[in-house]
Amino acid sequence: MSFSGQVKEELSRHIHKSRHCQIAEIAAVLGFAGKLEEAGGESVLRVYTENLPLARKYFILMKKTFQVTCRIAVRQNIYLHKSRTFVISLFGEEEIRRVLQAVKWRNEKNEDIRTRELVHRLLVQKSCCRRAFIRGAFLSAGSMSDPEKSYHFEIVCAGEEKARQLMDLINSFDMDAKVVMRKKSYVVYLKEGAQIVDMLNVMEAHISLLNLENVRIIKEMRNSVNRQVNCETANINKTVSAAVKQLEDINYIKNTRGLDSLPENLREVALVRLQYPQAPLKELGTYLEPAVGKSGVNHRLRRLGEMAEEMRQKDVL
C-alpha cells in the first residue's frame, strides 16, 4: 500500500465524537464526491468514489450522525478490470432533507442554498470542525507522495473559488498552502516536509505522522553523512591535487637548476615534500628544523611554485 493509502486508511478509522465535526466531514465528502440525482421519480443522494476507506467511513458517518442506512453498490469498469467505483446511495425524501439541511445545501424551507463555495462557513467556524473538513477533503480528493522520494501533499478541487477557500482553511493552521491550476482543476498543495508533518497532525493522522517523521530523520541523517563524506572527499582531492602540483614544481626546479640553487628554507621544505609526498602541510611542518606551522609551509611551497613558473616562462622564451 502506498503512503497516501496508509494515511487514508488511518483517517477512515478516525470517527470524531462530536456531531458538529461529523457533519463537517460529511459536508467535505459531499462537496467533493456527492451528487443529488433523480432515480425512478425520487431523489437520491449519492457519493461516487474509487477509495474503499472513504466509502466505508462515509457509510459509518451517515449511520452514526443521522441514523440512516445507505446502500452500497460496486461498479466495475469493463475496460479497466482493476478499476472499481463504490456508489453509496441514500434514499428517502425525509432522510435526504435532514442531511442536506445539516450540510447547508438546503434551508429550513427545503430551498437550494448552495453557492460556488466549497462549504458553508457556519460549518467550519470551530478549529475542530476545520480539521474534520480537511480530513474529509483529503479522503475524497487528496494524495501524498512517497516521502522516501519527495514531499508533496495535494487536494484537487473542481473550481478556483473552492480551492481558495480550502487553502484558507488549511492556512488557518499556520500553513503555507498554495493553489495551482492543473488542466481543468485547481490543486491546493504543500511541498515542505515539516508542513506536511503538521498537516498530518491537523488531520489527526498521528501514526502516519510518526512514520513520516522517521523517514525524515533517516533521510536527514543520510544527507548529513553524504554532505560530510562529499566535503571530506573534496578536501582530500584538493590536498592530493596540490601535492601533485608541488611535486611537479619541485622536480622541475631540481631537473633544471638543481635544489642547491634554492635558499636554505625553500630547499629544506622541497626535500621534505619529496620525502613525504602524501603528507598534509601541518605534518610537513613537523619534519622541518625548527618546526614550521601550516601557513609557513604553505607560503614556502607557494614560493617554490612561483619560481618554477618563472623558470618555465623563461624556458619558453
Side-chain angles (χ1 to χ4, degrees), residues 1-34 47-66 70 86 88 99 102-104 117-145 147 151-158 162-177 179 187-190 194-213:
M1 183 184 293
S2 67
F3 184 77
S4 186
Q6 293 173 19
V7 175
K8 290 187 177 184
E9 184 64 34
E10 181 181 356
L11 293 178
S12 72
R13 301 182 187 280
H14 183 285
I15 307 295
H16 203 282
K17 294 179 180 180
S18 301
R19 188 172 187 272
H20 50 81
C21 291
Q22 295 170 5
I23 292 174
E25 193 160 355
I26 290 171
V29 176
L30 291 175
F32 281 93
V47 165
Y48 296 86
T49 179
E50 295 180 359
N51 186 349
L52 177 58
L54 173 61
R56 181 177 61 238
K57 184 168 192 181
Y58 177 72
F59 181 89
I60 294 172
L61 281 173
M62 292 292 281
K63 182 83 171 177
K64 190 176 185 66
T65 310
F66 298 105
C70 298
F86 299 94
I88 308 97
V99 173
V103 299
K104 305 301 182 186
E117 287 189 321
L118 184 60
V119 61
H120 197 290
R121 296 186 183 275
L122 288 176
L123 296 178
V124 288
Q125 284 185 317
K126 295 183 177 181
S127 174
C128 58
C129 293
R130 292 197 296 275
R131 290 174 184 270
F133 186 86
I134 294 169
R135 187 164 54 241
F138 180 76
L139 269 170
S140 303
S143 63
M144 288 181 62
S145 63
Y151 299 122
H152 185 79
F153 170 99
E154 71 175 37
I155 299 176
V156 181
C157 300
K162 291 180 171 60
R164 296 289 175 189
Q165 187 183 17
L166 179 60
M167 179 187 73
D168 291 340
L169 291 176
I170 292 174
N171 289 344
S172 70
F173 293 97
D174 295 325
M175 301 289 180
D176 188 26
V179 175
V187 180
V188 182
Y189 70 94
L190 294 167
Q195 292 221 340
I196 295 174
V197 168
D198 291 341
M199 191 75 258
L200 290 174
N201 186 49
V202 166
M203 297 190 298
E204 299 177 277
H206 299 126
I207 295 175
S208 298
L209 184 156
L210 293 175
N211 291 337
L212 177 55
E213 281 286 47

Verdict with supporting geometry, V188 and V156, side-chain contact (heavy atoms from CB on, under 4.5 Å): CA-CA 6 Å; V188 182; V156 181; over 6 Å; no

Whether over 12 other heavy atoms sit under 6.0 Å from I15 CD1: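 Enclosed.
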
Any [X] side-chain heavy atom under 4.5 Å of [Y] side chain:
X	Y	result
K126	S18	no
F66	I23	yes
R135	H16	yes

V47, L54, L52 screened by side chain to side chain contact (heavy atoms under 4.5 Å, CB included) with F86, the one that passes: L52

How long is the gap from [atom1] on [X] to [atom2] on [Y], to the nearest 0.5 Å?
X	Y	atom1	atom2	result
I155	L166	CD1	CG	5.0 Å
I88	Y48	CD1	OH	10.0 Å
H14	L139	NE2	CG	11.5 Å
H206	N201	NE2	CG	4.5 Å
K104	L30	NZ	CG	14.5 Å
R130	C21	CZ	SG	10.5 Å

Pair E204 + R131, salt bridge at N-O below 4.0 Å: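 Looking at R131 together with E204, the answer is no, because their closest N to O distance does not fall below 4.0 Å.
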
Carboxylate-amine/guanidinium proximity below 4.0 Å for R164 and E117: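 Between E117 and R164 there is no salt bridge, as every charged N stays at least 4.0 Å from the carboxylate O atoms.
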
Stepwise side-chain contact (heavy atoms from CB on, under 4.5 Å) test for F173 and S127: CA-CA 9 Å; F173 293 97; S127 174; 3.4 Å; yes

Backbone of L118 reached by a side-chain donor or acceptor of Q165 within 3.5 Å: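 Flag set: sc Q165 to bb L118 pair under 3.5 Å.
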
Derivation of the side-chain contact (heavy atoms from CB on, under 4.5 Å) call for F32 and T49: CA-CA 10 Å; F32 281 93; T49 179; over 6 Å; no

Which pair of non-hydrogen atoms, one from [X] and one from [Y], has the smallest distance, and what is that distance?
X	Y	answer
Q22	T65	OE1-OG1, 2.8 Å
G142	S4	O-OG, 4.4 Å
L212	P147	CD1-CB, 3.2 Å
A177	N171	N-OD1, 2.7 Å
N51	K8	ND2-CD, 3.1 Å
V202	M175	CG2-CE, 3.8 Å

Summary of ring-ring contact (aromatic ring centres under 6.0 Å, His included) pairs that have at least one residue in residues 118-144, sequence neighbours excluded: F138-F153

Sole candidate of E10, E9, E25 that passes salt bridge (Lys or Arg N to Asp or Glu O under 4.0 Å) when paired with K57: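 Only match with K57 under salt bridge (Lys or Arg N to Asp or Glu O under 4.0 Å): E25.
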
Step-by-step side chain to side chain donor-acceptor pair (under 3.5 Å) determination, H152 to E154: CA-CA 7 Å; H152 185 79; E154 71 175 37; 2.8 Å; yes

